[in-house]
> 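Next up is a structure, given as structure tokens.
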Number of protein chains: 2
Amino acid sequence: MKTETSAYLDVHFPQFEPELREELAEIAEIRNIPAGETLMRTGQNIRSTVLVAEGRLKLYREGHDEGEIFMYYLEPGNACALSMVCGQQQETSGVMLKAIEDSTVILIPVKYMENFMQRYKGWYNFVVETYRDRFEELLTLIDHIAFRAMDERLVHYLDHQRDKLRTNKLHITHSEIATDLHSSREVISRLLKKLEQQGRVKLHRQYIEML
Amino acid sequence: MKTETSAYLDVHFPQFEPELREELAEIAEIRNIPAGETLMRTGQNIRSTVLVAEGRLKLYREGHDEGEIFMYYLEPGNACALSMVCGQQQETSGVMLKAIEDSTVILIPVKYMENFMQRYKGWYNFVVETYRDRFEELLTLIDHIAFRAMDERLVHYLDHQRDKLRTNKLHITHSEIATDLHSSREVISRLLKKLEQQGRVKLHRQYIEML
DNA sequence: CCTGCACGGTGACCCAGGTCACCGTTACAG
DNA sequence: CTGTAACGGTGACCTGGGTCACCGTGCAGG
């Protein structure tokens, strides 16, 4: 009989070797996170690698002086790259991880990392791919913050949301966008209005329709 | 008799197993880069992992529309994290790597990566540590661009230079600082002047003295 | 039915920092 | 010695976008 963990691994991590999945299922801790809850805060210690089994989480970098900026989504089949690099020694997280849907994560104590790396190609590839993707994402983020004006960043943000959430109706408030882009609500409202005038979006109460 | 590559590895990568160093010495290509020259450009293919043997290189992210931003230094004993993640498949670089001193790098074809990862703990640890450090550096960079004003960023930049170059006299032009911070010379000059008035630096022709 | 609150719109204002124009100084090449 | 280029200083100006104040509207809970 299959455990819950094992079932999640089979569905979302099929590239792992069956024996790896078995091993993981034995040592993993599974945790449910209700929508809106924070799994990890800046400055917290990391003792486990986080694999996402269900739901959707948002990963933010927090500024020292209040404020945060959205980095990327974690979805089923993804892992938090940061929680993978943090080795044996007690590392502290530099990010904040928040569930935006009811989510389920699989926690693997970091001490097994090295062992799996060496014994399972599937795990090795997964880790390397995760690093690559996240690195790429961080570089893109740097681009945007450093080189692009707010209006361009907003358009990119909306496109990204549409692609990720697979819908043209984005149920997201102006303030939330402002937080994610580390701007302010008024600015976002103004820019959205501009986009509406350009016929690129349609604004509704509670959601934004992309054209 | 030792080869040149082998000697570099012994000096700057002592944490590698002796057999690993031997293997590396056999497959490595060694390359000298005169100061000022660019080793890698955005969009170029990567086929080798870069280990730094001598000198000092600066790594930049380039914006699409002209402009660049300094990410970090590579020094002897360091490696370019990006060139490690880029797997078997032809990945293209998202960064620009420029020698600021006459430098020597050791190039290891990426196809050996996986093998070394599994066979040598020293290599595994090195790669993981490199990832962790670079990730951390990128996060710090994001912080600075997103949350800090130019004057604070400038101070941080100067401190960083002093630490890295181990000298209070920074031989660097205002324009170069401006490029690195993706600002403009005038702004940097103004801010430096402000710092001088606060007694935190002393400006000279061709160099900046930190107090 | 009210009342409060979340959401969004809008005008007025301000400021960091980017841009432009221009100049003085130093260094080096011819 | 002189021309030219790199470097740096400075004032004038502009603008993106952050901030403040305030309002309207729709909805949920008493």
> CZ of Arg153(B) versus C1' of dG17(C): gap in Å, rounded?
11 Å

> Under 3.5 Å, is there any donor-acceptor pair linking the side chain of Arg185(A) to the base of dG9(C)?
yes

> For the residue pair Leu139(B) and Met71(A), establish whether any side-chain heavy-atom pair is separated by less than 4.5 Å.
yes

> Does a side-chain N or O from His174(B) land closer than 4.0 Å to OP1 or OP2 of dG9(D), or not?
yes

> Rounded to whole Å, please give me the gap between CZ in Phe147(B) and C1' in dA16(C).
18 Å

> Grab the OH-P distance between Tyr207(B) and dC7(D) for me, whole Å please.
17 Å

> Measuring from atom CD1 of Ile188(A) to atom OG of Ser183(A), what distance do you get when rounded to the nearest 0.5 angstrom?
4.0 Å

> Is Glu176(B) salt-bridged to Lys58(B), going by a charged N under 4.0 Å from an acidic O?
yes

> Here's a test of your reading of the structure: between Ala149(B) and Gln206(B), which maps to the more 5' nucleotide of DNA chain C?
Ala149(B)

> Is the positively charged end of Arg21(B) above the ring of Phe13(B), judged by distance under 6.0 angstrom from the centroid and angle within 45° of the axis?
no

> Counting the atoms with a prime plus P, OP1 and OP2 as sugar-phosphate, which does Ser184(B) contact under 4.0 Å by heavy atoms, base, sugar-phosphate, or nothing?
base

> Could you tell me whether Arg134(A) sits above the aromatic face of Phe135(B), with NZ or CZ closer than 6.0 angstrom to the six-membered ring centre and within 45 degrees of the axis?
no

> Strictly below 4.0 Å, heavy-atom distances to any atom of DNA chain D: list the hits from residues 186-196 of chain A, or just say none.
Glu186(A), Val187(A), Arg190(A)

> Please state how far atom CG in Asp151(A) lies from atom P in dG17(D), giving the value in whole angstrom units.
6 Å

> Given atom CD1 of Ile172(B) and atom P of dC7(D), what is their separation to the nearest angstrom?
11 Å

> Please determine, for the side chain of Arg205(A), which listed nucleotide (dG18(C), dG18(D), dG8(C)) has the closest atom?
dG8(C)

> Round to a whole Å and report the spacing from CD of Gln197(B) to C1' of dG9(D).
12 Å

> Decide yes or no for Phe16(B) and Leu24(B): does some side-chain heavy atom of the first lie under 4.5 Å from some side-chain heavy atom of the second?
yes

> Return the value, rounded to whole Å, for the distance between atom CG of Leu170(B) and atom P of dG8(D).
12 Å

> Atom CD1 of Ile177(B) and atom P of dC7(D): how far apart are they, to the nearest Å?
12 Å

> Ser183(A) side chain N/O closer than 4.0 Å to the phosphate oxygens (OP1, OP2) of dG18(D)?
yes

> With a 4.5 Å limit on heavy-atom distance, are the side chains of Val105(B) and Leu51(B) in contact?
no

